[in-house]
Amino acid sequence: MKSNTLALFLVFSIVILGCTTKPEKGFLINGRISGLDNRYIYLVYGNKIDSSKVLNGSFYFEGKVSYPKKSALYPDLPSSKEQMTIGVLMLENSEIDIVARYSEGMTSSGPIKFLDIDSINGSKSQVLKDHFEGKMHRTVFEEPNDSIKTETLYDNLFEFLSANPELELSGEYLADYSTPGYNLTSDQINNLFVLLDTSYQDEQSLEKISKNISQRKLLEIGNTPPNIVLPDMEGNLLDRKTLKGKIVLLDFWASWCAPCRQANPELLKIYEKSKDKGFEILGISIDENSQKWKEAIIEDGISWLQVLDSLGETKRTYNLNSIPFNILLDREGQIMTVDVNHVELTRILETEL
């Protein structure tokens, strides 16, 4: 009887030991890529960088992630200063098949390496990502009515975050779509934020969401934003409050910001057309180099009011996440809208002036 009991105990112990020592399943990427034979392709996920040599058009990666993570394939060392495009994918512990293409080309700034992903199979989180982004294009990005667009954005995010609170992508989506340009209120962002399981979210996403909530509270429609008192090109202090009585566009920019500079010609057309009707622009540069700032003003032919915030005070006060960014104020100095594009700005001025 004792020997039988001992035998059963040993068998049971072996089973338990086997269960506890069996490694968890990781990920296996089976890749096919054209144009990159006998060279290395790189996988970046979290703080890790892995490489695989492409042989006969094939490459492989193995590893393990704690939960599905956004990752990227690079056609060259991620630290390389060469221009390149990357292939983004959702990485999870499964067998993932990828088909990609590599090519090289030229841009105005020099040679560039292209990595394009044609297909990804085996990642459930990738399917979720593709489905959500496709839905966003159909229901939000192609919607001309701003109020419907904002309402639909909120509904789409609520549905996705409710179903996927632990997915790191959920936090990234909320961080991206809670910026002022998407017009969600601070209450709406808060309602979405509580849906997340924050223990699975990237710290940068959480910080950005928190900052977006603070910014939205500050820049709600109808609010009066903080005053701006900064030096102009001659060193004279300019007080934004002196512009009360005009419709004013606060335009945050910098000489090194390419999208900012690209927007200036169209903004100049609007300004020249409306400046004598009660419209003014106050450009607030966050340049640290005053000479570069002055050179950019001359090069772009900017004729509206300009001030320099080389210490980044307005960046902190206004919780700026990125530039270009703008705020449109009514004649009483209250916020009409934020992050307005040129088409919408033209429409508003035609109505208000």
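Residues take their numbers from the sequence shown, with the count starting at 1.
Annotation: ring pair (Phe, Tyr, Trp, His ring centres under 6.0 Å) contacts of Tyr45 (sequence neighbours excluded): Phe27. Partners of Tyr74 according to the ring pair (Phe, Tyr, Trp, His ring centres under 6.0 Å) rule, which considers only residues two or more places apart in sequence or in another chain, do not exist here. When the ring pair (Phe, Tyr, Trp, His ring centres under 6.0 Å) test is applied to Phe132, the partners found at least two apart in sequence or on another chain are Phe160, Tyr173. With sequence neighbours left out, Gln201 forms a side-chain hydrogen bond (donor to acceptor under 3.5 Å, both in side chains) with no residue at all. The salt bridge (charged side-chain N to carboxylate O under 4.0 Å, His left out) test applied to Glu133 returns Lys129, not counting sequence neighbours. Residues satisfying the ring pair (Phe, Tyr, Trp, His ring centres under 6.0 Å) criterion with Phe114, sequence neighbours excluded, are absent altogether. For Glu272, the salt bridge (charged side-chain N to carboxylate O under 4.0 Å, His left out) partners two or more places apart in sequence, or in a different chain, are Lys275. Taking Asp118 as the reference, Arg101 meet the salt bridge (charged side-chain N to carboxylate O under 4.0 Å, His left out) condition, with sequence neighbours excluded. Partners of His131 according to the side chain to side chain contact (heavy atoms under 4.5 Å, CB included) rule, which considers only residues two or more places apart in sequence or in another chain, do not exist here. Listed by chain and number, the residues in a salt bridge (charged side-chain N to carboxylate O under 4.0 Å, His left out) with Glu159 are Lys135 (sequence neighbours excluded).
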>> Please determine whether side-chain hydrogen bond (donor to acceptor under 3.5 Å, both in side chains) holds for the pair Glu220 and Ser186, giving the CA-CA distance in whole Å, both sets of side-chain angles, and the decisive distance to 0.1 Å.
In response: CA-CA 8 Å; Glu220 296 283 13; Ser186 57; 2.9 Å; yes

> Can Ile213 and Arg216 be said to form a side chain to side chain contact (heavy atoms under 4.5 Å, CB included), step by step?
Replying inline: CA-CA 5 Å; Ile213 292 173; Arg216 292 306 296 148; 5.9 Å; no

> Could you go step by step and tell me if Asp187 and Thr185 meet the side-chain hydrogen bond (donor to acceptor under 3.5 Å, both in side chains) rule?
Replying inline: CA-CA 5 Å; Asp187 285 342; Thr185 66; 5.2 Å; no

>> Test side chain to side chain contact (heavy atoms under 4.5 Å, CB included) on Leu243 and Leu305; report intermediate values, then the result.
In response: CA-CA 11 Å; Leu243 301 176; Leu305 298 172; 3.8 Å; yes

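Once rounded to the nearest 0.5 Å, the distance linking NZ of Lys246 with CG of Asp330 reads 15.0 Å. Once rounded to the nearest 0.5 Å, the distance linking CG of Asn227 with OG1 of Thr242 reads 8.5 Å. Put simply, OG on Ser210 and CD on Gln215 are 11.5 Å apart, with the number rounded to the nearest 0.5 Å. Taking CD from Glu313 and CD1 from Ile284, the interatomic distance works out to 13.0 Å, rounded to the nearest 0.5 Å. The CG atom of Asp251 lies 11.5 Å from the CG atom of Leu328; values are rounded to the nearest 0.5 Å. The OG atom of Ser170 sits 12.5 Å away from the OH atom of Tyr200 when rounded to the nearest 0.5 Å.
Follow the hydrophobic side-chain contacts under 4.5 Å out from Met136 and you reach Ile209 in the same cluster. In this structure, Leu282 is a member of the same hydrophobic cluster as Val338, with clusters built from ILVMFWY side-chain heavy atoms closer than 4.5 Å. No single ILVMFWY cluster, assembled from side-chain heavy atoms under 4.5 Å apart, contains both Val54 and Tyr60.
Inspection of the Ser285 and Gln306 side chains reveals no N or O donor paired with an N or O acceptor under 3.5 Å. Asp339 and Asn326 form no side-chain donor-acceptor contact under 3.5 Å, judged by distance and modelled atom types alone. Between the side chains of Asn30 and Glu95, at least one donor N or O sits under 3.5 Å from an acceptor N or O. A donor atom on one side chain and an acceptor atom on the other are not found under 3.5 Å apart for Ser310 and Glu288. Asn212 and Thr179 are not linked by any side-chain donor-acceptor pair at a separation below 3.5 angstrom, with hydrogens and angles left out of the test. Looking at Asp116 and Thr85, their side chains never bring a donor and an acceptor atom within 3.5 Å of each other.
Under 4.0 Å is where a charged nitrogen must lie from a carboxylate oxygen, and between Lys70 and Glu168 no such pair does. Salt-bridge annotation for Asp76 and Lys113: present, with a side-chain N of the basic residue lying under 4.0 Å from a carboxylate O of the acidic one. A salt bridge is defined here as a Lys NZ or Arg NE, NH1 or NH2 lying under 4.0 Å from an Asp or Glu carboxylate O, and Asp97 with Arg32 fails to meet this definition. Residues Arg347 and Glu344 are paired through a salt bridge, judged by an N-O separation under 4.0 Å between the basic side chain and the carboxylate.
Checking each of Ile327, Ile348, Ile281, Leu349 against Leu249 for a side chain to side chain contact (heavy atoms under 4.5 Å, CB included) leaves exactly one that passes, namely Ile281.
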For residues 37-44, which side-chain N or O atoms pair as donor and acceptor with protein atoms under 3.5 Å away, sequence neighbours left out?
from  : atom 1 : to     : atom 2 : distance (Å)
Asp37 : OD1    : Asn56  : N      : 3.4
Asp37 : OD1    : Gly57  : N      : 2.7
Arg39 : NH2    : Tyr102 : OH     : 3.4

Run the side-chain donor-acceptor check on residues 259-268: report pairs under 3.5 Å with partners two or more places apart or on a different chain.
from   : atom 1 : to     : atom 2 : distance (Å)
Arg261 : NE     : Asp300 : OD1    : 3.3
Arg261 : NE     : Asp300 : OD2    : 2.6
Arg261 : NH1    : Ser255 : O      : 3.0
Arg261 : NH2    : Glu299 : OE1    : 2.9
Arg261 : NH2    : Asp300 : OD1    : 3.1
Asn264 : ND2    : Asp300 : OD2    : 2.8

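Within 6.0 Å of atom CD in Gln204, 12 or fewer heavy atoms from other residues, nucleotides or ligands are found, so the atom counts as exposed in its surroundings. Counting heavy-atom neighbours within 6.0 Å of Glu280 CD, excluding the residue itself, gives a total above 12. Other residues, nucleotides and ligands place more than 12 heavy atoms under 6.0 Å from the NZ atom of Lys149.
Between Phe252 and Tyr318, the ring-plane angle classifies as tilted under the 30° and 60° cut-offs. Taking the six-membered ring for Trp and thresholds of 30 and 60 degrees, Phe158 and Tyr154 have ring planes inclined between 30 and 60 degrees apart. Taking the six-membered ring for Trp and thresholds of 30 and 60 degrees, Tyr177 and Tyr182 have ring planes more than 60 degrees apart, a perpendicular arrangement.
In terms of heavy atoms, Leu36 sits closest to Ile33 at CD2-CD1, 4.0 Å. Across all non-hydrogen atoms, the minimal contact from Glu92 to Ser125 is OE1-OG, 2.6 Å. Nearest approach of Ile120 to Leu89, heavy atoms of both residues: CD1-CB, 3.6 Å. The heavy-atom pair separating Leu353 from Ser274 by the smallest distance is CD1-CB, 3.8 Å. Taking all atoms of both residues into account, the shortest heavy-atom contact from Gly333 to Pro225 is O-CD, 3.5 Å. Heavy atoms only, all atoms of each residue included: Arg331 and Lys277 are closest at NH2-O, 4.2 Å.
Formation of a donor-acceptor pair under 3.5 Å by the Asn289 side chain with backbone atoms of Gln291 is found in this model.
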